[in-house]
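Fair warning: this is a prediction, and the values are worked out from it, not measured in the lab. Each ligand, and each atom within it, is numbered from 1 in the order the structure gives.
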Amino acid sequence: MLQKEVIKALNDQIAKEMFASNLYLSMSSWCYTNKLEGAGKFLFEHAQDESEHAKKLMKYLNETDTEVEIQQIEKPENKFKSLLDVFEKTYEHELKVTASINALVDLTLAKKDHSTFNFLQWYVAEQHEEEALFRGIVDKIKLIGEAGDSMYFADQYLGSLNAH
Ligand code: FEO
């Protein structure tokens with residue numbers, strides 16, 4: 001049986017992963033409406049990963065006979081200044097998710113909840129990969145530039161990336 005504080009923090013994390021999924025869908029849609037199909041596709045696929053992150057948490061709660069409490073998800077922003085703005089925001093968002101996962105891991109250590117601590121290690125590794133992925137994209141967009149043809153090449157590059 002999980003402890004009350006751990007259950008609450010896991011449910012909060014589910015909401016954060018679902019928000020990330022909606023945020024990336026919103027960004028994906030902005031990209032498509034601005035004719036950036038490569039970036040739109042990448043973000044659409046990555047939104048699916050975020051939804052899977054939420055479901056993995058739900059599965060863990062279900063396996064421990066704990067009720068999942070789905071929360072209201074706040075509306076994500078849908079106006080962006082540029083492709084670089086979109087991806088700088090994805091990177092900033094991933095940093096927030098990492099901080100949240102780290103706080104969750106700290107809580108399980110303080111509560112001596114070894115099972116949840118062990119379960120969360122998958123998220124620790126995943127956040128390392130996601131930070132590297134989004135930081136790399138921001139660096140690449142800066143390198144390619146956003147003026148004229150460069151935007152086209154930046155979008156082509158994003159369309160060629162594996163979102164997972
Ligand atoms: Fe679920 Fe992108 O972290």
J.: When you measure from the centre of the six-membered ring of F80, is the NZ or CZ of K89 closer than 6.0 Å and no more than 45° off the axis?
T.: no
J.: May I ask you to check if K56 and W122 form a cation-pi contact, with NZ or CZ under 6.0 angstrom from the six-membered ring centre and within 45° of the axis?
T.: yes
J.: Taking atom types as modelled, is there a side-chain donor on E67 or N62 under 3.5 Å from an acceptor on the other?
T.: no
J.: Should D49 and E45 count as side-chain neighbours, where that means a heavy-atom distance under 4.5 Å?
T.: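 Counting from C-beta outward, D49 and E45 never come under 4.5 Å.
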J.: Could you please give the number of protein N/O/S atoms within less than 2.8 Å of atom 2 (Fe) of ligand 1?
T.: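 My tally for this metal is 4.
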J.: For a side-chain hydrogen bond (donor to acceptor under 3.5 Å, both in side chains) check, start with the C-alpha distance between Y60 and S115, then their side-chain angles and the critical distance, and finish with the verdict.
T.: CA-CA 10 Å; Y60 181 75; S115 171; 3.0 Å; yes
J.: After noting the C-alpha distance and the side-chain angles of E130 and H46, does the key distance pass the side-chain hydrogen bond (donor to acceptor under 3.5 Å, both in side chains) rule?
T.: CA-CA 10 Å; E130 298 217 339; H46 200 78; 3.2 Å; yes
